[in-house]
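The next block holds one structure in the form of structure tokens; read it before the comments.
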Amino acid sequence: MTRMTTIGAAQLGPIARTEPRAQVVRRMIALLDRAKDRACKLVVFPELALTTFFPRWFMTDQAEVDAFFEREMPSAETRPLFEAAARHGIGFYLGYAELTPDGRRFNTSILVDDRGTIVGKYRKVHLPGHAEHEPERPWQHLEKRYFEVGDLGFPVWRTMGAVMGMCICNDRRWPETFRVMGLQGVELVLLGYNTPDRNTAGFEPNHLRMFHNDLVLQAGAYQNSTWVVAVAKAGVEEGVGMIGGSCIVQPSGEIVARVSTVGDELVAFDCDLDLARLGKETIFNFARHRRIEHYGAITAQTGATPPPE
Ligand code: CDV
């Protein structure tokens with residue numbers, strides 16, 4: 001018997017700075033309705049899905065920043081999303097900016113099961129960008145200013161018939177993200193992202209943005225023998241082009257489904273979770289082949305230390 005489950009990648013097109021959450025939630029519910037028609041059991045939405053990607057602006061007024069954060073989940077504005085998903089019997093991944101009761105701010109994702117219960121929370125560990133205004137850039141990337149580094153590690157959850165884990169955007173570029181979840185037997189990694197189509201830190205041909213996206217998703221899937229569902233906020237948002245390219249990657253590392261637009265779009269795929277077994281039992285049988293006595297530097301140091309000249 002296979003463990004087949006249909007999963008939807010629910011890409012969102014641009015969200016304007018002035019677009020109210022209630023309208024974004026309506027767009028998300030429209031995608032959930034399509035997911036229901038396609039018999040999806042789980043839907044993945046992007047990183048910071050409820051608002052525009054606000055770290056692109058330098059703001060000094062904390063109240064202005066906090067307007068992009070959620071103080072409770074679900075809230076009056078997001079409850080309709082939870083209700084629609086539960087009505088359809090669909091679980092979902094949702095990225096949002098979290099402001100905790102004790103005043104901490106995280107770039108967060110939650111995993112909600114098919115009955116509308118929050119079963120998992122993840123807080124982004126790898127925060128890209130910078131903490132101060134950098135006027136030479138055409139736009140800012142101030143995640144290091146607006147968020148704390150996540151404090152929950154990379155947990156996985158056994159829910160909806162699979163072992164699932166989460167990460168967020170820049171996390172996908174770090175093999176440690178996938179490996180820590182791989183070491184917990186992850187079968188399905190869910191991730192949302194917001195990736196500008198241009199590198200503002202230095203010159204890089206623009207096509208590399210999508211190449212690197214695919215490269216790390218496919219490597220993470222293959223090297224840990226896991227499904228990966230990666231979902232973008234896409235299109236030109238407040239003057240910044242975002243790559244899109246939301247896709248579903250199977251444990252062989254092959255992309256098996258991909259969006260074709262940079263707008264609101266759902267792609268669905270019948271994922272056989274047991275496809276994760278072959279790699280886990282053979283070439284990436286960790287217990288059999290990993291040589292941790294040689295991996296100490298991975299957790300003992302951050303920067304590289306080349307040998308002396
Ligand atoms: N939201 C992100 O984490 N974006 C980064 C960009 C800035 C490179 C990413 O890794 O896609």
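Numbering of ligands and ligand atoms starts at 1, following listing order. Both backbone and side-chain heavy atoms feed into the values below; hydrogens, waters and symmetry mates do not. Treat the numbers as computed from the prediction; the structure is a model and nothing was measured.
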Check each atom of ligand 1 against the heavy atoms of E47 and keep those under 4.0 Å away; list them by number with element. 1 (N)

May I have the step-by-step check of ring pair (Phe, Tyr, Trp, His ring centres under 6.0 Å) for F154 and F178, ending in yes or no? CA-CA 9 Å; F154 295 99; F178 288 99; 9.1 Å; no

Nearest heavy-atom contact between I243 and P196 is CG2-O, 3.9 Å

Which of the atoms of ligand 1 are close to N194, meaning less than 4.0 Å from one of its heavy atoms? 1 (N), 2 (C), 4 (N)

Over all atoms of both residues, closest heavy-atom pair of E132 and Q140: O-OE1, 4.0 Å

Considering only heavy atoms of R172, which atoms of ligand 1 have at least one such atom less than 4.0 Å away? 9 (C), 10 (O), 11 (O)

Considering heavy atoms of the protein only, find what lies nearest to atom 7 (C) of ligand 1 and give residue, atom and distance to 0.1 Å. H141 CE1, 3.2 Å

Near R173 (heavy-atom distance under 4.0 Å), the atoms of ligand 1 are 9 (C), 10 (O), 11 (O)

Looking at ligand 1, is there an atom of it that comes within less than 4.0 Å of some heavy atom belonging to P128? yes

Show which atoms of ligand 1 fall inside a sub-4.0 Å distance from at least one heavy-atom site of E143. 1 (N), 2 (C), 3 (O)

Could you walk me through whether R123 and E98 pass the salt bridge (Lys or Arg N to Asp or Glu O under 4.0 Å) check? CA-CA 9 Å; R123 290 170 172 156; E98 176 191 12; 2.8 Å; yes

Whether R290 engages the ring of F286 as a cation-pi pair (distance to the six-membered ring centre under 6.0 angstrom, angle to the ring normal within 45°) should be assessed. yes

Indicate the atoms forming the closest heavy-atom contact of T5 with K41, along with that distance. OG1-CB, 3.5 Å

Just to confirm my output: which protein heavy-atom neighbour is closest to atom 2 (C) of ligand 1, and how far is it? C169 SG, 2.8 Å

What atoms of ligand 1 come closer than 4.0 angstrom to any heavy atom of K124? 1 (N), 2 (C), 3 (O)

Numbered atoms of ligand 1 (with element) below 4.0 Å of F53, judged on heavy atoms: 1 (N)

Salt bridge present between R172 and E47 (N-O < 4.0 angstrom): no

Non-hydrogen atoms of L12 and P46 that approach each other most closely: CD1-CD, 3.8 Å

Output the list of atoms in ligand 1 that are nearer than 4.0 Å to some heavy atom of T195, sorted by atom number. 9 (C), 11 (O)

